[in-house]
Amino acid sequence: MKFTMTVSPDFSPDYIAGWYIFNTWLQNQTNQAIHLELYNSFDKQREDIKADKIDLIYANPYDASMLIRDKGFVAIASPYRKTDEAVICVNSESEYSCVEDLKSGCTIATADDPEVSTIGMIMLEPADLSKENVTIEELKNYVMVAKSLIGNKADAGFFLKEAFDDMSKFIKSQIKPIVTSQISVIRHTFLIGPDFVNNSGISEEDFRQLINSMHESEKGASTLKSLGFEKWENQDHEEAEFMIDLMDTLVS
Amino acid sequence: MSTVELKYHDQSTSSREVSDEEVPYPEGKLIVSRTDTSGKITHCNQSFVDMSGFEENELIGQPHYILRHPDMPAAAFKDLWDTLKAGNKWKGYVKNLRKDGKYYWVYAVVVPNIRNGKVVGYASVRRKPSRTKVNECIALYKTMLAEEQS
């Protein structure tokens with residue numbers, strides 16, 4: 001049986017090769033054929049999840065809810081000490097210095113990332129801004145969001161903090177952050193689906209052990225490094241359920 | 001600073017210092033806590049500890065109303081519990097009382113934690129509120145409180 005693994009489309013392009021290396025490592029460790037399918041679009045990936053085409057996924061917290069509660073996926077692990085945070089930036093020359101300086105009717109540039117958009121819109125609430133009174137400019141990636149700010153097309157832009165941190169010095173010199181989330185409890189999670197649990201011949205516990213001890217071998221540690229992770233941290237079912245409850249408080 | 005005698009829905013009382021000094025909500029942070037079905041705190045994050053002014057060990061096991069400010073009308077909390085007990089999400093603006101008597105406003109969202117079809121507790125997340133909405137609530141809660149006390 002061949003399984004399909006995918007990664008939330010908000011991963012950094014710097015780690016594309018790393019996910020292929022991880023897939024090779026996983027196939028060697030499990031003796032299972034696993035195809036890695038990467039998507040540019042959250043919508044297309046969700047279509048395939050709904051059609052039960054995905055067996056393993058590194059999911060954003062937004063999708064983890066649907067995967068665990070509707071599709072029976074099991075949470076295995078999250079990257080150690082990595083949480084998902086968002087940054088709101090403006091043009092570095094702009095007069096805006098805090099969220100409350102932004103006014104109704106302003107334009108907000110976003111990438112196609114539902115989690116960052118959710119956190120970003122929450123950080124705009126103190127300024128009485130919502131989707132009803134701002135113009136959203138949805139762009140393909142964070143570099144385009146930065147360009148929209150630099151070109152003064154958008155008043156503010158939402159970034160995944162990791163994506164903002166990875167921007168070049170040249171881009172960062174032209175934009176400035178006005179607020180950064182410090183949520184600390186929302187994280188991407190590696191999940192396995194019911195077909196993999198039932199048909200791979202590997203028990204959930206053995207798979208959990210394999211992933212969570214990955215950093216202990218030289219090969220595993222170098223594979224983790226190619227993903228930008230130090231190691232995996234176990235995520236049990238209750239931790240994942242609680243994170244889903246927290247996500248539920250953030251969506252309207 | 002004045003001392004106020006607070007009476008809670010379970011008939012317990014406490015004597016608390018109350019001042020009119022507001023502590024601004026920290027930018028970008030979320031205050032997270034979890035309670036059991038009776039409203040006793042079972043988990044809280046560092047932002048909760050920092051903003052409440054209590055130590056974590058002073059919060060765990062205590063009823064969530066340890067943060068209740070005397071300016072909050074009882075009807076707001078009745079609405080919260082009625083909404084949660086019906087299995088729904090509750091949202092609202094809340095003035096909280098710190099250990100040192102100062103206060104802070106939050107926009108709170110509370111959801112039931114449902115496991116295997118059963119409510120096992122509640123998760124509450126507070127975020128920075130809109131000042132416009134807070135000002136509306138100051139007026140509204142004052143009226144509600146006056147009606148409750150008349």
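This one's a predicted model, so the numbers in the text were calculated from it and none came from an experiment.
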_Quick one about B/D20 and B/Y103 (side-chain donor to acceptor, distance below 3.5 Å, no hydrogens or angles considered), yes or no?_
no
*Do the ring planes of A/H188 and A/Y58 sit parallel (below 30°), tilted (30 to 60°) or perpendicular (above 60°)?*
tilted
*asked:* Between A/I122, A/L246, A/T180, who has the most heavy-atom pairs with chain B when the cutoff is under 4.5 Å?
replied: A/I122
*asked:* Please classify the contact of A/E100 with chain B as side chain, backbone, both or neither, using a heavy-atom distance under 4.5 Å.
replied: side chain
*Side chain, backbone, both or neither of A/I244 within contact of chain B (heavy atoms, under 4.5 Å)*: neither
_Taking A/K82 first and then A/E162, would you say they form a salt bridge - that is, a charged N and a carboxylate O separated by under 4.0 Å?_
yes
*Under 4.5 Å, counting heavy-atom pairs only, tell me which of B/Q46, B/K89, B/H43 racks up the most with chain A.*
B/K89
*asked:* Closer than 4.0 angstrom, basic N to acidic O: yes or no for B/K95 and B/D71?
replied: yes
_Strictly distance-based, threshold 3.5 Å: is any side-chain N or O of A/N234 a donor or acceptor partner for the main-chain N or O of A/A77?_
no
_Can you confirm whether the side chains of B/S52 and B/Y104 place a donor and an acceptor under 3.5 Å from each other?_
no
*Of the listed residues (A/P126, A/A86, A/C98), which shares the most heavy-atom pairs with chain B below a 4.5 Å separation?*
A/P126
_Region of B/P26 in contact with chain A, defined by heavy-atom distances below 4.5 Å_ = neither
_I want to check something: taking the side chain as every heavy atom from C-beta on, are A/F159 and A/V116 in contact at a cut-off of under 4.5 Å?_
no
*Count the heavy-atom pairs under 4.5 Å between each of B/K91, B/R34, B/K133, B/K29 and chain A, then report the option with the highest count.*
B/R34
*asked:* Heavy-atom pairs under 4.5 Å with chain B: which of A/V179, A/D128, A/I183 has the most?
replied: A/D128
*Most heavy-atom pairs under 4.5 angstrom with chain A, which of B/R131, B/R127, B/E27?*
B/R127
_Which atoms of B/Y107 approach chain A - backbone, side chain, both or neither, heavy atom under 4.5 Å_ = side chain
